[in-house]
2 protein chains.
Amino acid sequence: MISNKCKYAIRALVHIANNEQDDRAVMTSDIAREQQIPRKFLEIILRELRNNRILESKRGKDGGFRLLRAAEDISLTEVMRIIDGPIAMLPCVSLNYYRKCDECEEESCEIKAVFEQVRDRTLDILNGQTIKSLTLS
Amino acid sequence: MISNKCKYAIRALVHIANNEQDDRAVMTSDIAREQQIPRKFLEIILRELRNNRILESKRGKDGGFRLLRAAEDISLTEVMRIIDGPIAMLPCVSLNYYRKCDECEEESCEIKAVFEQVRDRTLDILNGQTIKSLTLS
DNA sequence: ATATATCCTATCTATTTAGTAGTATTTATT
DNA sequence: AATAAATACTACTAAATAGATAGGATATAT
């Protein structure tokens with residue numbers, strides 16, 4: 001399962017992509033209201049996305065958030081990894097958060113082989129998805 | 001991520017499948033030692049698998065656990081759902097543990113559509129795997 | 001009777017999840 | 001310069017989950 005936080009992050013980014021016009025930033029409070037996300041929690045999420053170079057922010061009056069890159073250049077996997085960490089179902093098959101099994105010999109591990117397949121088919125789908133592909137237009 | 005508990009469950013079942021001979025039951029302590037799983041924790045797991053009709057148990061001397069069905073009739077998904085619950089990445093796309101989203105219209109939800117694909121490709125792989133297919137032989 | 005296995009109830013600690021509260025800082029406008 | 005309005009930051013909290021452990025009850029082969 002992906003976390004609620006991650007679902008919020010995706011919805012917030014899609015909302016920003018749908019509402020960026022001219023170069024006006026989108027405010028946390030607008031996203032919170034329209035997407036029904038707790039405002040203070042959303043603040044934390046947006047800041048985290050900014051720290052990871054998905055968003056840029058502007059403080060003070062008329063402040064808010066904008067995508068740092070084009071929506072088609074932000075993949076779903078990138079967002080999911082920032083917010084939730086590994087996508088794989090086992091640490092020993094994770095590409096970005098690999099950790100060794102202590103109990104099994106990995107070369108001959110049948111369980112590992114299965115979850116490598118799951119990882120590959122999952123990434124086939126998720127890598128192809130971007131914030132752009134999730135917008136209305 | 002699947003839990004450690006679930007990985008233990010799978011390894012324990014594969015161990016039982018590999019070590020069932022004649023009609024001798026396999027003891028918790030043997031599995032615990034050979035698979036390096038904490039014994040008391042493993043007891044809970046095996047009992048849970050028994051309560052869900054994956055295993056049968058025999059108490060007392062010469063007691064232990066046996067598969068209730070043939071190893072090729074126990075799918076990986078069945079075990080995973082018993083121990084960890086849903087396999088899908090979102091409650092609203094889970095086949096066995098469905099829960100409605102409260103914030104989005106499901107018919108038009110782009111996020112849901114993506115994670116339905118992930119679910120289908122994941123189940124394509126996991127439904128094809130059984131305790132038998134994970135054994136040595 | 002006894003040794004040995006599962007069964008059951010209760011408990012525990014650490015981590016993660018999902019937030020909330022309050023203050024500091026920055027910026028546009030007047 | 002003052003003010004209003006936005007993000008930035010620090011700290012805290014409650015509930016759930018993960019990953020176990022402890023101890024006694026019960027069943028069974030010998």
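So that the names make sense, note that chain A is the first sequence line, chain B the second, and so on, each numbered from 1.
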Q | Any donor-acceptor N/O pair, B:Ser94 side chain to B:Pro91 backbone, under 3.5 Å | A | no

Q.
Test your reading of the model: is there a side-chain donor-acceptor pair from B:Arg11 to the backbone of B:Gln35, 3.5 Å cut-off?
A. yes

Q | For chain B, the stretch of DNA chain C it reaches, first to last nucleotide, under 4.0 Å of its heavy atoms | A | C:dT4 to C:dC8

Q: Can you sort out which residues in residues 77-96 of chain A have a heavy atom within less than 4.0 Å of DNA chain C? Ascending by number, please.
A: none

Q.
Output the rounded distance in Å from CG (A:Asp62) to C1' (D:dT3).
A. 14 Å

Q | Worked verdict on B:Thr77 versus B:Asn127 for side chain to side chain donor-acceptor pair (under 3.5 Å) | A | CA-CA 6 Å; B:Thr77 50; B:Asn127 279 329; 3.0 Å; yes

**Q.** Whole-Å distance separating the CE atom of A:Met1 from the C1' atom of D:dA18
**A.** 17 Å

Q: Check for a donor-acceptor pair, side chain of A:Ser133 on one end and backbone N or O of A:Gln129 on the other, with a separation under 3.5 Å.
A: no

Q: Flag the pair A:Leu76 / B:Ile111 as yes when at least one side-chain heavy-atom distance between them is below 4.5 Å, and no otherwise.
A: no

(Q) Can you pull out the residues from residues 5-15 of chain A that lie within a 4.0 Å heavy-atom distance of DNA chain C? (A) A:Lys5, A:Tyr8

Q. Which is true for B:Ser29 with a 4.0 Å heavy-atom rule: it touches a base, it touches only sugar-phosphate, or it touches nothing?
A. nothing

Q. Rounded to whole angstrom units, what separation is found between the CE atom of A:Met27 and the P atom of D:dA8?
A. 14 Å

Q. Is a side-chain donor or acceptor of B:Asn52 paired with a backbone partner of B:Glu48 at a separation under 3.5 angstrom?
A. yes

Q. So how far is it from A:Phe41 CZ to A:Asn4 CG, rounded to the nearest 0.5 Å?
A. 7.5 Å

(Q) For A:Lys112, I'd like to know if atom NZ has over 12 heavy atoms of other residues, nucleotides or ligands within 6.0 Å. (A) yes

(Q) I need the minimum non-hydrogen distance between B:Met27 and B:Gly63, along with the two atoms involved. (A) CG-O, 3.3 Å

Q. Looking at DNA chain C, which of residues 31-46 of chain A put a heavy atom within less than 4.0 Å of it?
A. A:Pro38, A:Lys40, A:Phe41, A:Ile44

Q) Does a salt bridge link B:Glu56 with B:Arg69, judged by any charged N lying under 4.0 Å from a carboxylate O? A) no

Q. Which comes earlier along DNA chain C counting from the 5' end, the contact point of A:Ser3 or that of B:Gly63, where each point is its nearest nucleotide?
A. B:Gly63

Q | Whether A:Asn96 side chain and A:Arg81 backbone form a donor-acceptor pair below 3.5 Å | A | no

Q.
Can you list everything that forms a salt bridge (Lys or Arg N to Asp or Glu O under 4.0 Å) with B:Asp30? Sequence neighbours excluded, please.
A. B:Arg33

(Q) If you compare every side-chain N and O of A:Arg47 against the phosphate oxygens of D:dT10 (OP1, OP2), does one of them come in below 4.0 Å? (A) no

Q. Closer than 4.0 Å, any side-chain N/O of B:Asn4 to the OP1 or OP2 of D:dG19?
A. yes

Q) Tell me: CZ of A:Arg66 to P of D:dT7, nearest whole Å? A) 12 Å

Q.
If the threshold is 4.0 Å, N to carboxylate O, is there a salt bridge linking A:Glu20 and A:Arg24?
A. no

Q: Taking salt bridge (Lys or Arg N to Asp or Glu O under 4.0 Å) as the test, write out the residues that go with A:Arg59, two or more places apart.
A: none

Q.
Which is more 5' along DNA chain C, the nucleotide nearest A:Arg59 or the one nearest B:Phe65? Just name the residue.
A. B:Phe65

